[in-house]
> 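One structure is given below, represented as structure tokens, and several questions about it will come after.
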Amino acid sequence: MNQMVKLYRTLLILVVALILCCPAAAEEVTLNFSDADLVAVINSVSQITGKNFIIDPRVKGKVTVVSSKPLNKSEVYSVFLSVLQVHGFATVATKNAIKIIPDATAKQAATPITNRRSTPGDLLVTRVLKINHINAAQLVPILRPLVAQQGHLAAYAATNVLIVSDRASNIRRIERIISEMDKEGDSDIEIIKLKHAFAAEVVRLLSSLNVTTPDKKTAAGAVKFSADERTNSIVLSGEKSNRLKYRAIISNLDSPVESSGNTHVVYLRYAEAKNIADILSNVGKEVIKAEAKNSGTAKSGATPESVFIQADETSNSLVISAPASVFPSLRAVIQQLDIRRAQVHIEAIIAEVSLDTSKELGVQWLVDGGGDDPVLSTQFSTSGTTIASVAGGIIPDGLALGVGQISDSGLSFVTLIRALSGDSETNLLSTPSIVTLDNQEAEIVVGQNVPFVTGETSTTGSGVDVTNPFRTIERQDVGVSLKVKPQINEGDTITMEIEQEVSNISGSATGAVDIVTNKRSIKTTVQLEDGELLVLGGLIDEKVIDSQQKVPGLGDVPIIGALFRASKATKVKQNLLVFIRSTIIKDPVKARQLSQRKYNFIRDEQISSMKEGEIGSPVLSPYE
């Protein structure tokens with residue numbers, strides 16, 4: 001039975017082919033395929049339309065086409081394209097043939113780029129759609145679901161166009177959708193000049209309303225506004241219908257304030273009232289003088305009105321009593337002075353390495369002949385402690401070796417051999433940091449408050465020493481200190497007055513009566529850009545001291561001369577560099593970033609200590 005069905009299908013295809021070969025029947029044909037092989041259908045269409053096809057090996061399938069009326073060549077080809085689309089294949093035209101390939105690879109082939117409306121609907125083509133009024137990139141997420149799975153949609157921002165690869169019929173549908181969306185809007189910008197109200201206060205009031213909060217998620221027609229304090233104007237942008245609503249609100253707010261007198265209370269947001277009061281008093285006097293001169297009041301001898309300004313530090317406000325003609329000028333000055341000041345974050349990097357080494361070697365002699373015989377001795381202060389001091393019970397530092405013979409009668413001698421090597425090394429790396437307002441001095445000190453003796457008295461009476469415990473001391477800070485005063489100039493340049501000091505208690509205080517401190521300080525004024533690292537100063541100091549004491553003549557004898565001399569070598573080397581970096585903080589976002597970086601550094605150090613088994617304070621919670 002199956003063989004009969006296959007034979008019937010083959011005969012049907014052959015009959016259709018024979019009919020198409022006849023010139024009389026070439027005008028119109030009736031397509032009727034029932035579960036026919038797709039390759040056989042392609043052969044039939046090739047004979048009907050006279051087109052050459054190159055068939056991809058992956059082109060396979062069964063086709064059923066039922067036609068109720070005859071079709072011409074172009075209609076047959078359109079039906080053929082629909083058959084290929086149903087089976088997931090597409091045609092790509094070349095110079096002498098048409099390639100039939102899967103949809104997945106068709107968009108990467110040389111699909112025709114055309115704007116012709118008569119292109120067959122099921123033909124895979126590429127179109128470049130010009131967008132005139134809206135952003136092409138904004139249309140991509142809207143139109144992408146409408147493009148076939150094997151199609152392609154992308155935006156080219158430079159020329160504001162869309163590139164679409166899909167069936168011609170679907171591209172025509174997308175083009176109709178775009179034509180409905182790509183229309184010129186009535187968004188515009190207008191400037192509203194205020195007469196009575198102040199632009200900054202009106203904008204602040206409008207921003208506090210929920211319906212006027214502009215953000216990235218608002219619709220395209222949302223109104224945005226900003227204040228121009230120089231001209232006391234409000235700049236509006238948005239759709240015309242929305243702007244009309246805000247114009248009405250602004251018009252109602254821009255009305256004269258009914259007041260029974262000339263006294264006003266102005267609350268400040270950022271500036272300090274006591275600092276501005278004196279400035280406004282002088283400004284008010286000058287404005288009154290200018291008005292009197294222009295109106296002729298000064299010549300007539302009439303007494304001009306006065307200005308009284310009082311600062312209330314509790315509420316940080318100004319109480320102003322001034323003529324109605326003078327108050328707007330004072331209010332304009334207040335608006336320009338009462339602004340948010342930027343902050344500056346200053347970091348100093350101090351890197352210091354100091355090395356102090358010393359070596360001592362000496363031999364001292366003490367000889368007593370007994371009785372009235374002379375005494376011979378060699379004592380060298382270079383050795384630190386003399387042999388006489390050792391005889392008195394003072395034990396010297398380092399290695400001390402005494403060799404000799406003590407006799408009540410006769411010759412007595414002692415030889416003291418002393419050797420000492422000292423090595424002191426310091427590595428200091430400090431990064432003090434501080435945040436301060438623009439043009440505001442700030443200081444940070446990290447160290448110790450050390451007492452220094454400045455005076456002392458003692459009394460003696462009746463042959464007994466009685467010490468009066470009277471001593472004066474002075475305390476001084478020892479450590480790292482940083483004092484700065486930044487001033488933000490035009491752009492991102494910062495001028496800073498800097499006083500940087502690094503001090504510490506010295507490990508060696510030879511010959512000093514009290515504590516010895518090492519001090520390195522820099523006092524300078526510099527200019528640097530925002531975020532720039534600048535070297536303030538550096539010191540590379542190396543000091544070598546070689547000293548030798550000897551007995552003349554005997555100390556110069558080879559080998560044996562070492563028994564009659566003492567030598568000491570000291571080497572002190574210091575490497576010091578000081579850097580500074582400043583960062584301007586203009587908004588809370590920048591301040592939060594800097595704080596988060598420092599906070600997370602401390603938190604990471606705590607977590608690292610816990611992993612290593614150290615016991616410390618509880619870990620800080622994550623910065624949010």
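Any value given below was found using the heavy atoms of this structure, including those in side chains, with hydrogens, waters and symmetry copies removed. Just so you know, residue 1 is the first one in the sequence shown, and it goes up from there.
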> For the residue pair Val526 and Leu536, establish whether any side-chain heavy-atom pair is separated by less than 4.5 Å.
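Yes; the side chains approach each other to less than 4.5 Å.
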> Does atom NZ of Lys130 have more than 12 heavy-atom neighbours, drawn from other residues, nucleotides or ligands, at distances under 6.0 Å?
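Above 12, so yes.
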> Checking Asp438 side chain against Ala342 main chain: does a donor-acceptor pair fall under 3.5 Å?
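Here the side-chain-to-backbone pair does not exist.
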> Under 4.0 Å between a Lys/Arg side-chain N and an Asp/Glu carboxylate O for Lys519 and Glu501?
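A salt bridge links Lys519 with Glu501.
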> Who pairs with Ser521 by side chain to side chain donor-acceptor pair (under 3.5 Å), at least two apart in sequence or on another chain?
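Expected list: none.
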> With respect to Ser315, which candidate in Asp312, Leu318, Val319 satisfies the side-chain contact (heavy atoms from CB on, under 4.5 Å) definition?
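Result for side-chain contact (heavy atoms from CB on, under 4.5 Å) with Ser315: Asp312.
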> Are there more than 12 heavy atoms of other residues, nucleotides or ligands under 6.0 Å from atom CZ of Arg247?
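No, not enclosed.
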> How about Glu529: does its CD atom have over 12 heavy atoms from other parts shown lying under 6.0 Å from it?
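Yes, the 6.0 Å shell around CD holds more than 12 heavy atoms from other groups.
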> Taking only residues two or more places apart in sequence, or in another chain, which ones meet Asn449 in a side chain to side chain donor-acceptor pair (under 3.5 Å)?
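If we apply the side chain to side chain donor-acceptor pair (under 3.5 Å) test to Asn449, skipping adjacent residues, the hits are Asp477.
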> Is it the case that atom NZ in Lys193 sees more than 12 heavy atoms from other parts of the structure closer than 6.0 Å?
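Enclosed: over 12 neighbouring heavy atoms sit under 6.0 Å from NZ of Lys193.
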> Between the main-chain N or O of Ile494 and the side-chain N or O of Asn489, is there a donor-acceptor pair closer than 3.5 Å?
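No.
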> Is the shortest side-chain N to carboxylate O distance from Glu190 to Arg243 below 4.0 Å?
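Looking at Glu190 and Arg243, the cut-off is met.
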> Taking the basic N atoms (NZ, or NE/NH1/NH2) and the acidic carboxylate oxygens, is any pair closer than 4.0 Å for Asp492 and Lys586?
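Counted as a salt bridge, because a side-chain N and a carboxylate O are separated by less than 4.0 Å.
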> Side-chain contact test, heavy atoms from C-beta onward, threshold under 4.5 Å: evaluate it for Ile585 versus Val344 and give yes or no.
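In short, these two side chains do not touch, never coming nearer than 4.5 Å.
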> Run Met181 and Leu139 through side-chain contact (heavy atoms from CB on, under 4.5 Å) and show every step you take.
CA-CA 9 Å; Met181 301 173 62; Leu139 294 176; 3.5 Å; yes
> Looking at Asn316 and Ala271, would you say the former's side chain and the latter's main chain have a donor-acceptor pair under 3.5 Å?
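Present.
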> Evaluate the side-chain contact (heavy atoms from CB on, under 4.5 Å) criterion for residues Ile309 and Ile276: first the C-alpha distance (whole Å), next the side-chain angles of each, then the deciding distance (0.1 Å), finally the verdict.
CA-CA 10 Å; Ile309 301 175; Ile276 296 182; over 6 Å; no
> Determine, stepwise, if the pair Phe308 / Gln310 fulfils side-chain contact (heavy atoms from CB on, under 4.5 Å).
CA-CA 7 Å; Phe308 174 79; Gln310 181 67 38; 3.8 Å; yes
> Indicate the atoms forming the closest heavy-atom contact of Ser226 with Val203, along with that distance.
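Closest pair (atom of Ser226, atom of Val203, distance): C-CG2, 3.9 Å.
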> May I have the step-by-step check of side-chain contact (heavy atoms from CB on, under 4.5 Å) for Ile249 and Val202, ending in yes or no?
CA-CA 10 Å; Ile249 297 175; Val202 173; over 6 Å; no
> What class does the angle between the rings of Tyr246 and Phe225 fall in, given that below 30° is parallel, 30 to 60° is tilted and above 60° is perpendicular?
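It falls in the tilted class, 30° to 60°.
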